[in-house]
Amino acid sequence: MAKMNFGGTEETVIVREEFPLEKAKEVLKDETIAVIGYGVQGPGQGLNLRDNGFNVIVGQRPGKTYDKAVADGWVPGETLFGIEEAAEKGTIILCLLSDAAVISVWPLLKKHLTAGKALYFSHGFAITWSDRTGCVPPKDIDVIMVAPKGSGASVRSMFLEGRGINASFAVEQDATGRALERTLALGIGIGSGYLFETTFQREAVSDLTGERGSLMGAIQGLFLAQYEVLRENGHTPSEAFNETVEELTQSLMPLVSQKGMDWMYANCSTTAQRGALDWMTPFHDAIKPVVEQLYASVKSGKEAQKSIDSNSKPDYREHLNEELRQLRESEMWQTGATVRKLRPENN
């Protein structure tokens, strides 16, 4: 494992050159990898492992998701089973269910977590807040994690492009003495670009903070605030959307991804440069207290409990769909739908 310098801080990272695919296949040659859940992360990770030559089966309840697994080439009775049967057959159980589903399925999984097996997650939620989820693994199994830093769709698409999405890894419990090599082999097997070390607790807290913050919650709040101010001051929907969302997502963010924000600041117009430098501090000072409040709420378990409570309500899906409908049908995102249709690639 290599030590890399990130902004003056050393971190442990694993790259493919030091843990190649052939080594990963040797580590897992006698393992049966059971992917439990075929919703968000299951297809990407399962298909990547299968394409890379690992022994993989899928456990999924009947329904649309089961049918999707069949369409993806998983064969009922051979590589596709019910959740319990797959968990029984697997020596490494990839628990890729939603956080709410993990809680409901846990009693079924736990029966098949026999000595020497490995229980794998791609999110630290269930274990970090085990006092709330009830997910307490037996002491005689490995408990490990590889958490891709992106959606399941990205895990698959970047793999097919010959790239790989970065992922964190952690070992919570090493009962066999092989937990670390199992973890790294799985990380390479699902096609990770590089792997960086974390803990279940750090991953869970940073993940929930990011989702509620800059990845989704904060960015929607920022978009909407700027869009509203422009509209309230006489700018058209098209102008407000282009200046708020379209230019950022289509022009600037790809360059930030490739070259960094420092490069963007150095390569924009002098007018934009001066304004961005002047206004970044007021935005930082206004937003940081909100992020601190968010982080405290996540770390205390309050956000986890909110998620557990809301997901357990019988009308949860109905209320969620209504909230998503309101977001989708807002003027800003209806304008966005029109703008996307007008992009050159769609004409």
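For the numbers below, each heavy atom of this structure counts, side chains included, while hydrogens, waters and symmetry mates do not.
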Audit row: Val70, Leu80, side-chain contact (heavy atoms from CB on, under 4.5 Å) steps and yes/no | CA-CA 8 Å; Val70 173; Leu80 178 60; 3.5 Å; yes

State the NZ-CG distance between Lys288 and Leu294, to the nearest 0.5 angstrom.
-> 13.5 Å

For Glu318 and Lys313, what are the C-alpha separation, side-chain angles and deciding distance, and is it a salt bridge (Lys or Arg N to Asp or Glu O under 4.0 Å)?
-> CA-CA 10 Å; Glu318 179 184 338; Lys313 292 177 180 176; over 6 Å; no

Donor-acceptor pair between Ser151 and Ser154 side chains, under 3.5 angstrom | yes

Minimum side-chain heavy-atom gap Arg16-Ile188 below 4.5 Å | yes

Have Asn48 and Arg156 got a donor and an acceptor in their side chains that come within less than 3.5 Å?
-> yes

Are the side chain of Asn346 and the backbone N or O of Leu342 linked by a donor-acceptor pair below 3.5 Å?
-> no

For Lys29, what residues pass the salt bridge (Lys or Arg N to Asp or Glu O under 4.0 Å) criterion, not counting sequence neighbours?
-> Glu26

Just checking, Arg274 and Trp279: is the charged tip under 6.0 Å from the six-membered ring centre and within 45° of the axis?
-> no

Side chain to side chain contact (heavy atoms under 4.5 Å, CB included) with Leu96: which of Tyr120, Tyr38, Phe121?
-> Tyr120

Evaluate side-chain hydrogen bond (donor to acceptor under 3.5 Å, both in side chains) for Glu197 paired with Ser168, printing each intermediate quantity in order.
-> CA-CA 6 Å; Glu197 193 171 22; Ser168 58; over 6 Å; no

What's the shortest heavy-atom distance between Gln41 and Gly152, and which atoms?
-> NE2-N, 3.5 Å

Heavy atoms only: give me the nearest Ala118-Ile144 pair and the separation to one decimal.
-> CB-CD1, 4.3 Å

Check: Val102 and Cys135 side chains under 4.5 Å, non-hydrogen atoms = yes

Compile the donor-acceptor pairs under 3.5 Å between side chains in residues 254-267 and protein atoms, sequence neighbours left out, one pair per line.
| from | atom 1 | to | atom 2 | distance (Å) |
| --- | --- | --- | --- | --- |
| Asn267 | ND2 | Trp263 | O | 2.8 |

Can you check whether Ala126's main-chain N or O pairs, donor with acceptor, with Thr133's side chain at less than 3.5 Å?
-> yes

Taken to the nearest 0.5 Å, the spacing of Tyr295 OH from Thr209 OG1 works out to 6.5 Å

Would the number of heavy atoms belonging to other residues, nucleotides or ligands and lying under 6.0 Å from CZ of Arg61 be above 12?
-> no

Gln326 and Trp333 side chains, donor-acceptor separation under 3.5 Å | no

Check Leu195 against Leu184 and note the closest heavy-atom contact, atom names and distance.
-> CD1-O, 4.2 Å

Cation-pi geometry met for Lys23 and Phe19 (6.0 Å, 45°) | yes

Does any non-hydrogen side-chain atom of Val155 lie less than 4.5 Å from one of Phe159?
-> no

If we only count heavy atoms from C-beta on, is the Ile127 to Pro137 side-chain gap below 4.5 Å?
-> yes

Which residue pairs pass the salt bridge (Lys or Arg N to Asp or Glu O under 4.0 Å) test with at least one member in residues 70-82, sequence neighbours excluded?
-> Lys68-Asp72

Going through the distances and angles, do Glu322 and Arg317 end up as a salt bridge (Lys or Arg N to Asp or Glu O under 4.0 Å)?
-> CA-CA 9 Å; Glu322 174 57 21; Arg317 182 61 58 180; over 6 Å; no

Say whether Leu224 and Ile219 are linked into one hydrophobic cluster, either directly or through other cluster members, by side-chain heavy-atom distances under 4.5 angstrom.
-> yes

Could you tell me whether a side-chain N or O of Lys139 sits under 3.5 Å from a main-chain N or O of Ala175, the two making a donor and an acceptor?
-> no

Rounded to the nearest 0.5 Å, what separation is found between the CZ atom of Phe241 and the CD atom of Gln334?
-> 11.0 Å

Dump the intermediate steps for salt bridge (Lys or Arg N to Asp or Glu O under 4.0 Å) on Glu246 and Arg340, then the final yes or no.
-> CA-CA 9 Å; Glu246 191 75 352; Arg340 287 191 294 276; over 6 Å; no

Starting at CG of Leu109, measure out to CD1 of Ile83 and round the result to the nearest 0.5 Å.
-> 7.0 Å

Check whether any side-chain heavy atom of Leu49 sits under 4.5 Å from a side-chain heavy atom of Leu94, and report yes or no.
-> yes

Compare all side-chain heavy atoms of Asn166 with those of Ser192 and state whether any distance is below 4.5 angstrom.
-> no

Mind checking whether Tyr194 and Ile165 sit in one hydrophobic cluster, side chains of I, L, V, M, F, W, Y counted as touching below 4.5 Å?
-> no

Hey, does Ile33 have a side-chain heavy atom less than 4.5 Å from the side chain of Leu186?
-> yes

Measuring from Glu243:CD to Glu239:CD, what's the distance to the nearest 0.5 Å?
-> 6.0 Å

Atom OG1 of Thr79 and atom CG of Asn55: how far apart are they, to the nearest 0.5 Å?
-> 9.5 Å

Check the pair Arg182 / Asp142 against salt bridge (Lys or Arg N to Asp or Glu O under 4.0 Å), numbers first and verdict last.
-> CA-CA 9 Å; Arg182 280 169 139 178; Asp142 294 340; 2.8 Å; yes

If Ile, Leu, Val, Met, Phe, Trp and Tyr residues are connected whenever their side-chain heavy atoms lie under 4.5 Å apart, and connections chain through other members, are Val205 and Val143 in the same group?
-> no

Heavy-atom pair with the smallest gap, counting every atom of Met145 and Glu203 | CE-CB, 3.5 Å

Do Phe223 and Leu327 belong together in a cluster built from hydrophobic side chains that touch within less than 4.5 Å?
-> yes

So Phe125 and His123, would you call those rings parallel, tilted or perpendicular, with 30° and 60° as cut-offs?
-> tilted

Take Leu113 and Ile93, measure what side-chain contact (heavy atoms from CB on, under 4.5 Å) needs, and give me the verdict at the end.
-> CA-CA 8 Å; Leu113 298 176; Ile93 297 173; 3.6 Å; yes

Under the 3.5 angstrom rule, does the side chain of Thr198 hit a backbone N or O of Phe169 as a donor-acceptor pair?
-> no

Donor-acceptor pair between Glu331 and Tyr227 side chains, under 3.5 angstrom | yes

Which atoms form the tightest heavy-atom contact between Lys299 and Gln201, and what is the distance?
-> CE-NE2, 3.8 Å

Do Val136 and Trp106 touch side chain to side chain, with heavy atoms closer than 4.5 Å?
-> no

Considering all heavy atoms of both residues, which atom of Arg132 and which atom of Ser300 are nearest to each other, and what is their separation?
-> NH2-O, 3.3 Å

Of Lys302, Lys306, Glu303, which meets side chain to side chain donor-acceptor pair (under 3.5 Å) against Ser297?
-> Glu303

Same cluster for Phe200 and Ile36 if Ile/Leu/Val/Met/Phe/Trp/Tyr side chains link at under 4.5 Å?
-> yes

Mind running side-chain contact (heavy atoms from CB on, under 4.5 Å) on Phe54 and Lys25 for me, showing each step along the way?
-> CA-CA 7 Å; Phe54 295 87; Lys25 290 166 77 169; 3.6 Å; yes

Kindly determine whether Met253 and Leu248 satisfy side-chain contact (heavy atoms from CB on, under 4.5 Å), including the steps that lead there.
-> CA-CA 6 Å; Met253 290 313 295; Leu248 174 68; 3.4 Å; yes

